[in-house]
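Counting convention: from 1, in listed order, for ligands and their atoms alike.
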Amino acid sequence: MGKLKINGGKRLEGTLAVQGAKNSVLPILSASILIAGESILKNCPDLKDVDAAMAILRHLGCQVTRSGKDIYIDARTLTTSQIPDQLMREMRSSVIFLGAILGRTGEAVLSMPGGCELGPRPIDLHLKALRALGATIEERGGNIVCRAEKLRGAAINLDSPSVGATENAMLAAVCATGETVITNAAREPEIVDLQNFLVKAGAEITGAGTSTITVSGGPLGVQVTHKILPDRIVAATYLSAVACAGGRLELTDIVPDHIETALNCLRNAGCQIQVVGDRVQLSSDGELRAISPVVTRPYPGFPTDAQPCLVAALTVAQGTSVFIETIFRNRYRYVDELRRMGADIKLEGRAAMVTGVKRLTGTSVAATDLRGGAALVVAGLAADGETTVGEIDHIERGYDDLTGALRRLGADISRLA
Ligand code: UD1
């Protein structure tokens, strides 16, 4: 597994176009199974998770090609409804294929996604939604076997607004007869992107972005072209990096509203921020101050995925910032690694108390998960001396050419094979 070597303490300056969103392209790749012709997806980031999703589509019998940032999928040749264990393991979000495969073929057989680096990731809400639409679900030999001769529109109330369960419910409901109303739905921008893709294909769906989504089942069109929305978490990562290393950053191709909570935190920490159209400019002298408590919440609250990078930035702020993580239990695994760099962070259950130190010191650390790994890069960019970040496969699941982007800003960072 590769490593990143960072010589920290360099001021960062420049302009970056933000990549397409991982969490949007994955469910839309799954949705392409439902299209009776070619799907052309633009602005697709080049990521390990996207490769894994493309491998799953190919295994299912779809024709899939990539040309630069465009991915072409033709699902008319789909031949199987089973995803083998090895492909399921390559991507933690592969459960997102469940609703679409079931909807398209009347059956889906997937191995259990199992635990992951953020703690057990249950799929009870996904299964409950599919059952409501008429699916029978059995667990057999480590596999989930989902079957439905006919899916029927239903009222689905999610016990909590799970992003993946909302997406699976939407994808299966498109194939059901009649109307489905999903209440307590997740409101993330990526759900709106999924709706936009499906609507372009002729689906009748309204309400994405609110807590109630209404889907009328019906056949989908033959060709769809869709541009994946910008990645708000990647945007927050680069902003956090420049906030603590110091410098000036202009991000282009983003939807500033999607990162409003992160922008507010960085403003409170002392950064100068301007929003102009689809651009955000941040300047920071690297002298940050502690901010009022940050509680991670489903959108439009502060995103759990942006928590690690903001924590990393605030390890060098004056004063103590408190974070409360309410979404994933194991989201603080990277904290031990930050401590090795000299960070002062106390953990108490869901709370992290981050007391700023004058400087972090470069050392050898290892990524524990995707966003936790990105946080170590953020810290390494601000730290004195050399930081090596190991286990970077985690980071490459979600960041397209992170090294190249940071080098363009003037960072001294390289990837060691
Ligand atoms: C998605 C994102 C991930 C992000 C997360 C929360 C993708 C590919 N991934 O993950 O980056 O961190 O949203 O914003 O879009 N839960 C259950 N039962 C279920 C499903 C979820 O209890 O059936 C719980 C989870 O354990 C977690 C919470 O609900 O505590 C939120 O999970 P969910 O919104 O489903 O996250 P994902 O869709 O897995």
Numbered atoms and elements of ligand 1 in range of [X], under 4.0 angstrom, heavy atoms:
| X | value |
| --- | --- |
| T304 | 6 (C), 12 (O), 14 (O) |
| R331 | 12 (O) |
| G164 | 35 (O), 38 (O) |
| S93 | 8 (C) |
| H126 | 20 (C), 23 (O) |

For ligand 1 and [X], I'd like to know whether there is a polar contact (N/O to N/O, distance under 3.5 Å).
| X | answer |
| --- | --- |
| N23 | yes |
| L125 | yes |
| D124 | yes |

Test: [X] and [Y] ion pair at under 4.0 Å:
| X | Y | result |
| --- | --- | --- |
| D336 | R339 | yes |
| R232 | E190 | yes |
| R89 | D85 | yes |

Next on the checklist: Tell me the nearest of I123, D305, T296, L370 to atom 12 (O) of ligand 1, using heavy-atom distances.
Outcome noted: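 Closest candidate by heavy-atom distance is D305.
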Item to check | Option whose closest heavy atom lies nearest to atom 17 (C) of ligand 1, chosen from S162, A186, P122, A306 | outcome: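 Nearest heavy atom to atom 17 (C) of ligand 1 lies in P122.
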For ligand 1, indicate whether the residue [X] contacts it via side chain, backbone, both or neither (heavy-atom separation under 4.0 Å).
| X | value |
| --- | --- |
| V163 | both |
| F328 | side chain |
| I327 | both |
| R371 | neither |

Checklist entry - Taking only residues two or more places apart in sequence or in another chain, which ones pass ring-ring contact (aromatic ring centres under 6.0 Å, His included) with F197? => result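 Partners of F197 by the ring-ring contact (aromatic ring centres under 6.0 Å, His included) criterion, ordered by chain and then number, come out as H226.
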Item to check | Set of residues satisfying side chain to side chain contact (heavy atoms under 4.5 Å, CB included) with respect to T304, sequence neighbours excluded | outcome: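 Partners of T304 under the side chain to side chain contact (heavy atoms under 4.5 Å, CB included) test: T296, E325, I327, F328, R331.
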Next on the checklist: For a quick check under 3.5 Å, do N143 and R140 share a side-chain donor-acceptor pair by atom type?
Outcome noted: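 There is no such pair (donor and acceptor under 3.5 Å, judged by atom type) between the side chains of N143 and R140.
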Checklist entry - Distance from R333 atom CZ to L347 atom CG, nearest 0.5 Å? => result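 Between atom CZ of R333 and atom CG of L347 there are 13.0 Å.
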Checklist entry - So how far is it from R371 CZ to D305 CG, rounded to the nearest 0.5 Å? => result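 The CG atom of D305 is 5.0 Å from CZ of R371, to the nearest 0.5 Å.
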Item to check | Heavy-atom closest pair, residues L26 and S93 | outcome: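 Minimum heavy-atom contact is CD1-OG, 3.9 Å.
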